[in-house]
Protein chains: 2
Amino acid sequence: MTNERRWADTSGLPPAPDATAKPVTLAHVARLAGVSENTVSRVIRDKGSIAPETRQRVNAAIEQLGYVPNRAAGSLASSSSLIIGVILPSLSNIVFPEVLRGINAGLSATPYRPMIGVTDYDLDIEHQLIASLLAWQPAAIITTGFDHTVGARRMLENSRVRVAELMDIDNAPIDLAVGLSHHEAGRAMAHHLVQRGYCNIAYVGHDWTADRRAHARYVGLCEGLAETGLSLVAECRTDQASSTLEGRKTLSNLLSGGVHIDAVAFSNDDMAVGGFMHCLAVNIAVPEELALIGFNGLEIGQVLPKPLTTVLSNRFAIGKTAVELLLAGVQRPDETVKIDTGFSIVEGATA
Amino acid sequence: MTNERRWADTSGLPPAPDATAKPVTLAHVARLAGVSENTVSRVIRDKGSIAPETRQRVNAAIEQLGYVPNRAAGSLASSSSLIIGVILPSLSNIVFPEVLRGINAGLSATPYRPMIGVTDYDLDIEHQLIASLLAWQPAAIITTGFDHTVGARRMLENSRVRVAELMDIDNAPIDLAVGLSHHEAGRAMAHHLVQRGYCNIAYVGHDWTADRRAHARYVGLCEGLAETGLSLVAECRTDQASSTLEGRKTLSNLLSGGVHIDAVAFSNDDMAVGGFMHCLAVNIAVPEELALIGFNGLEIGQVLPKPLTTVLSNRFAIGKTAVELLLAGVQRPDETVKIDTGFSIVEGATA
DNA sequence: CTGTTAGCGCCTTCAT
DNA sequence: ATGAAGGCGCTAACAG
């Protein structure tokens, strides 16, 4: 980034409008500048060619009147708005807020604004949100993963808006996918543990029906182990959403099973941090007695007495990259695009 | 909540529109139902009285055509949109996403959608965001705290939109304030520590220039101590934003000062959890050698080997309550309103 | 309870 | 490089 100058700057400190006064419109600006409304509109949108002198007069008038364009009128006239619809599965842990942070960062120097919805991992809710966001004729819709209801997929395909599916790249996108291969990330976790000499490896996870990517990592993990002739010696899953609390409980459950385990792969860092806390509480030496590996690379894992070994997903980059690509081309490209933002093993001290 | 029936239900699984076909409009629905556009509009908005039989025919036509109202047109015609502008200082820790979660929860059964902006604690950015959101003629703007630029305040006061200022209630709101008294919360922390018998109390904090509420808690803390004849024996502040990492470092700095300290009040839970990690790493017994108290009541604090003693702020409730009050009355009330969502001491095991 | 008439403020298309 | 005309889809005000 970035070409700030692409976007008309409507900030600054305009004289605040009087509550009683009618809001300033294009017509007012046009009259003051002594040009037609159309010319003012062109200046604002930086479209067509305008005489430098005219542009200057118009900008002066805009500033003098504190003109702020009415977005609803613009949207109606152009059948498309400066809205980016953003659909997130959840706001309950820090992962999706970080994606949103990336989206916001990509948008902050533009006149586009994110309008958000939260699905709670429910595809029917996603469907409704898509319909509801499409009613605003947004420039793009950003959602998560490749699972959608049949109707939702059709709406997205048939609409002319650009669509980004985030987090995952293991499937065919509607338009643009930005994320990482969770399957590969799972394999990488397996290989890391095996290389470190662990061979009694177990899994602690959370609800897969909601979080399909966690399942993809699990499958990759098993596959990675199989490639070295190993397999999981035990596993324990909660049917709850992931949380440190569930991680703590679920590891405790796993260990009460009596199987000899020397390393645990967790479905994500929240679960892993919870597991670490369990070890602290019952005096299990990490990693000597039990090694732990998480997924995500959250800050909290790096502040533990022993920094958590984990896999970094580039959540901020996923959001930011998606927005940049979306805004780079208004038209949906002929070919779908997948962007791999990658992952990397964070060599902590717990595995 | 709630009275779902107040809001026209435009969900369901309408036949997805064909990309080539013109989108369905009110006129199409009106023709099919054999009524005027206006009647359809009334049915959708549930305004005025409609013959049950007419309503039914209209609804059937809407469903049959998969009609989705064009929000831009509606906004333009009514000079007000179904947008709630939400301005947050940050998305980097879990606190504001939880407020947003509350806002979203309050909005989910309504046709209103949040449009968001992030200030990074910068009032000039807030000012620009307010201007930019006001361009959408939102039904309300939700922001944080009472500090705004002169221009921003004027824009909000002069606009007819409802305004909620969240988190804090220690000042006079423009329209509605929902939050808690951070000053009182600070006092409560002081009294809690003193009651527990600690008398060599120190403070570990983060950047106040950005986070004025953290400062308010500090002032309350000092005042609370003074009420019992005490004062802080030491304090250490980082000029960074709060994080577990900074908490860990800053406590380490504080303790290297050589002053005898038996309890530390932290500016928030992120800092306190970091402090706890420091104690674990250097083998300081908590709370025997050093007691710790945080602020916020984050989940992570409750998963520590010893649950963190802290002060619960009701972040979800703040967001949800604000939205409910905002939507309860479209008009700004004559008198400003302050809602105290309160706080409570979480009696953990660290103080 | 329902229909008619005018816009809302801007953008697109076509002229010049 | 600029202007004129028309309409985007909906809602408000007024009839009836």
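Chain naming here is simple, since letters A, B, ... match the order of the sequence lines and numbering starts at 1 in each.
Taking only side-chain atoms of B:Lys47, from C-beta outward, the nucleotide of C:dT4, D:dA12, D:dC10 with the closest atom is D:dA12. Distance from the side chain of B:Val35 is smallest for C:dG3 among the nucleotides C:dG3, C:dC11, C:dT12. When distances run from any side-chain atom of A:Ala73 to the nucleotides D:dC10, C:dG9, C:dC11, the shortest one goes to C:dG9.
Protein atom CD1 of A:Ile44 is 11 Å distant from nucleotide atom C1' of C:dG9, rounded to whole Å. Taking atom CG on A:Leu134 and atom P on D:dG9, their separation rounds to 15 Å, with Å as the unit. Here C:dC10 presents its P atom at 13 Å from CH2 of B:Trp136, a figure rounded to the nearest Å. With rounding to whole Å, A:Asp46 atom CG is found 13 Å from C:dC11 atom P. To the nearest angstrom, P of D:dA4 lies 15 Å from CG of A:Leu26. Summarising the geometry, the separation between CD on A:Gln137 and P on D:dG9 is reported as 8 Å, rounded to the nearest angstrom. Protein atom CG of B:Leu65 is 15 Å distant from nucleotide atom C1' of D:dG9, rounded to whole Å. If you take CD of B:Glu37 and C1' of D:dG9, they are 8 Å apart, rounded to a whole angstrom.
The residue B:Ile50 sits close only to the backbone: its heavy atoms come under 4.0 Å of sugar-phosphate atoms, none of a base. Contact annotation for B:Thr54: backbone-only contact, meaning every heavy-atom pair under 4.0 Å involves sugar-phosphate atoms and none involves a base.
Salt bridge status for A:Arg101 with B:Asp120: absent, with no side-chain N to carboxylate O gap under 4.0 Å. Ion pairing between A:Arg153 and A:Asp147 fails under the 4.0 Å rule for side-chain N and carboxylate O.
An OP1 or OP2 oxygen of C:dC10 is reached within less than 4.0 angstrom by no side-chain nitrogen or oxygen of A:Arg45. Contact check, B:Ser49 against C:dC1: a side-chain N or O comes under 4.0 Å of OP1 or OP2. Proximity of B:Thr39 to the phosphate of C:dG3: a side-chain N or O atom is located under 4.0 Å from OP1 or OP2.
At a threshold of 4.5 Å between non-hydrogen side-chain atoms, the residues B:Ile84 and B:Pro138 do not count as touching. Side-chain contact between B:Phe316 and B:Asn104 is absent, with no heavy-atom pair separated by less than 4.5 Å. Residues B:Tyr112 and B:Leu327 form a side-chain contact, since some pair of their non-hydrogen atoms from C-beta on lies under 4.5 Å apart. In this structure, the side chains of A:Leu176 and A:Val163 stay at 4.5 Å or more apart for every pair of heavy atoms.
For residues 76-83 of chain A, proximity to DNA chain D is found at A:Leu76, A:Ala77, defined as any non-hydrogen atom under 4.0 angstrom from a strand atom.
Residue B:Val178 is tested with B:Leu166, B:Val99, B:Ile142 for a side-chain contact (heavy atoms from CB on, under 4.5 Å); the sole match is B:Leu166.
No side-chain donor-acceptor contact under 3.5 Å links A:Glu126 and A:Thr149. Under the 3.5 Å distance criterion, with hydrogens and angles disregarded, no donor-acceptor pair is assigned to the side chains of A:Thr144 and A:Glu165.
Pairs engaging residues 31-42 of chain A under the salt bridge (charged side-chain N to carboxylate O under 4.0 Å, His left out) rule: none recorded [sequence neighbours left out].
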Short N/O separations, protein against nucleotides 13-16 of chain C, under 3.5 angstrom:
{"residue": "C:dT13", "atom": "O4", "partner": "A:Asn38", "partner atom": "ND2", "Å": "3.1"}

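Summary of the strand contacts: A:Ser75 and B:Arg57 both lie near DNA chain C, and taking for each the nucleotide with the nearest heavy atom, the more 5' one is attributed to B:Arg57.
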